[in-house]
Enquirer: 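The structure under discussion is supplied below as structure tokens; questions concerning it will follow.
Note that ligands are numbered from 1 as they come in the structure, with each ligand's atoms numbered from 1 the same way.
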Amino acid sequence: MAIEVELHKLREWMWKYSLGRDGGNNSDHFLRIKIPGGIISPDRLRGVAELSDKYGRGYAEITTRQDIQLHWIEAEDALEIFAEMEKLGFTTDLCSQAFAETCHGDVRNAVCCPLSGKKGYDAYWLVREITDFFSGNPDYVSLPHKFKIGISTCESNCIREEAQDLAMQWNGEGFVPLVGGGLGASKPGVRKAKSLRIVVYEEDAFDFIRTVIDIYKDFRAERKAEARFKNFFETAGCEWLRREIELRMGVKFDLADDFNCNPPSEHTEGLQDDGSNYYTLPVFAGILDSERLSFIAEVAEEFDGGIRLTPWQNVVFTDIDDLKALKERLSEQFDLSAPRMHIACASNFCGKTLVHAKDVLRHIPASDRFVGVSGCSNACACHPLAEIGLCGKVKAGKQLYDVFIHGWKEAENLSVEEAVELIKKHLGDGYGAKAD
Ligand code: SF4
């Protein structure tokens, strides 16, 4: 149901804030808080915990785009929440279904490798430029569809470059752009982002991104489902897009070698470039609550460390001297042996399906493999990229799953039990190594 507020009040917030519409779990609206590149200070994390306590029944979840999402948000609290968020310096994705007047074709939370600048190249300057320019910019809130940007600076492909509308992969000299990714079933179907085979140097990187989006702004599709960037790219093609960007920017890009994306994986633990340590805390399906959000903030302060959310719904602690002590402290509230690469969407709230993806994940044996469970073919948990992917559906009132192995459909219309048996068989004896 659309929220009714006076339009002049809404305009104050409409380009920066929105509530999305939920359809399950007795939740009407969600609030998706952008955390650019996943970096958040302990103080601001406590701020999220307070918002969650006050407005969202104390529940919170980390999304696959490094946001934090709250549910059970009441429409009448929206303006008060937005005012509190403004004070904390947060904005939201414009999931505008809750407001009849608002826009929805915005640039979503820019994702970035959580180790950027701690291990290897620091690309957070680009994340900041993207966020500062596009968030709340009225010229960029009515794109044909939402637009997803990822900045990749490691060899783990932890941001899942293939799934981005535009991924900028650092190659040591500049960024190699990959474009047109989208894993959902909407036209033209599952597409992995393709390399434009050029190098964009640092000084041109932001202008390059803005130019791609400016070109996309002119795209017209008959239906919203056909307006995604992947469909635009499908019709425009690699060569045309590259030439058009060069024409508009007045530059000629150097050519990059062709390459394939590495299989996506999560960081675990190890040494940073400065000799201190990082540690990735596994968070089952990204599910948290206000108490554990506050606990994470408290531990980061105790250890004088940084906090970065990951596209795998986990939390990285950076700049840690005593890794052993950190783990002991974290184990007071978390199961450190939980898998780090099992991800699931919020289908229990989303309402597109009756399938409960996060619950299904509980039945799948722990492993160090990439397991993605999406509630439907929109593929919010990137199941087509996973080693083991599940896509839920409801047929004749039954909850069923198609099972994909490395993107190929292995079986369809299985019950949870049948799907789990198939997965165990695939994992072999011992069901695959447990995450360390
Ligand atoms: S994959 Fe489908 S069910 Fe899951 S969050 Fe996305 S749209 Fe909702």
Enquirer: For atom 7 (S) of ligand 1, which protein heavy atom lies nearest, and how many Å away is it?
Expert: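 Scanning the protein heavy atoms, the shortest distance from atom 7 (S) of ligand 1 goes to N378 ND2, 3.3 Å.
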Enquirer: Any atoms of ligand 1 less than 4.0 Å from a non-hydrogen atom of A379? List them with their elements.
Expert: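 Going through ligand 1 atom by atom, the ones under 4.0 Å from A379 are 1 (S).
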Enquirer: Parallel, tilted or perpendicular: which one describes the rings of F82 and Y17, with boundaries at 30° and 60°?
Expert: parallel
Enquirer: Could you tell me if R210 sits above the aromatic ring of F133, with its cationic atom closer than 6.0 Å to the ring centre and no more than 45 degrees from the axis?
Expert: yes
Enquirer: Among I343, D359, I364, find the one that has a side chain to side chain contact (heavy atoms under 4.5 Å, CB included) with V373.
Expert: I364
Enquirer: Can you confirm whether or not the ring centre of F30 sits under 6.0 Å from the ring centre of F349?
Expert: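 Distance test on ring centres: not under 6.0 Å, no.
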Enquirer: Say whether A357 and ligand 1 are in contact under the criterion: heavy-atom distance to a ligand atom below 4.0 Å.
Expert: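 No; A357 lies far enough from ligand 1 that no heavy-atom distance drops under 4.0 Å.
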Enquirer: Looking only at atom types and distance, does a side-chain atom of D289 sit under 3.5 Å from a main-chain N or O of E291, one as donor and one as acceptor?
Expert: yes
Enquirer: For ligand 1, which atoms, with element, lie under 4.0 Å from some heavy atom of T353?
Expert: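 Counting atoms of ligand 1 from 1, those under 4.0 Å from T353 are 3 (S).
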Enquirer: List the atom of F229, the atom of Y216, and the distance in Å for their closest heavy-atom pair.
Expert: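 Smallest heavy-atom distance, with atoms named: N-OH, 3.3 Å.
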Enquirer: Assess C380: does it contribute an N, O or S atom lying under 2.8 Å from atom 6 (Fe) of ligand 1?
Expert: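 It does; at least one qualifying atom falls short of 2.8 Å.
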Enquirer: If you apply the rule ring pair (Phe, Tyr, Trp, His ring centres under 6.0 Å), what do you find for W312 with F370, and how did you get there?
Expert: CA-CA 10 Å; W312 300 84; F370 176 6; 4.7 Å; yes
Enquirer: In terms of atom number and element, which parts of ligand 1 are under 4.0 angstrom from non-hydrogen atoms of S347?
Expert: 3 (S), 4 (Fe)
Enquirer: Of the protein's non-hydrogen atoms, which lies at the shortest distance from atom 2 (Fe) of ligand 1, and what is that distance?
Expert: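 Heavy-atom neighbour on the protein nearest atom 2 (Fe) of ligand 1: C376 SG, 2.3 Å.
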Enquirer: Can you report which non-hydrogen protein atom sits closest to atom 4 (Fe) of ligand 1, along with the distance?
Expert: C345 SG, 2.4 Å
Enquirer: Tell me the protein heavy atom at minimum distance from atom 8 (Fe) of ligand 1, and give that distance in Å.
Expert: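 Answer, as residue, atom name and distance: C350 SG, 2.4 Å.
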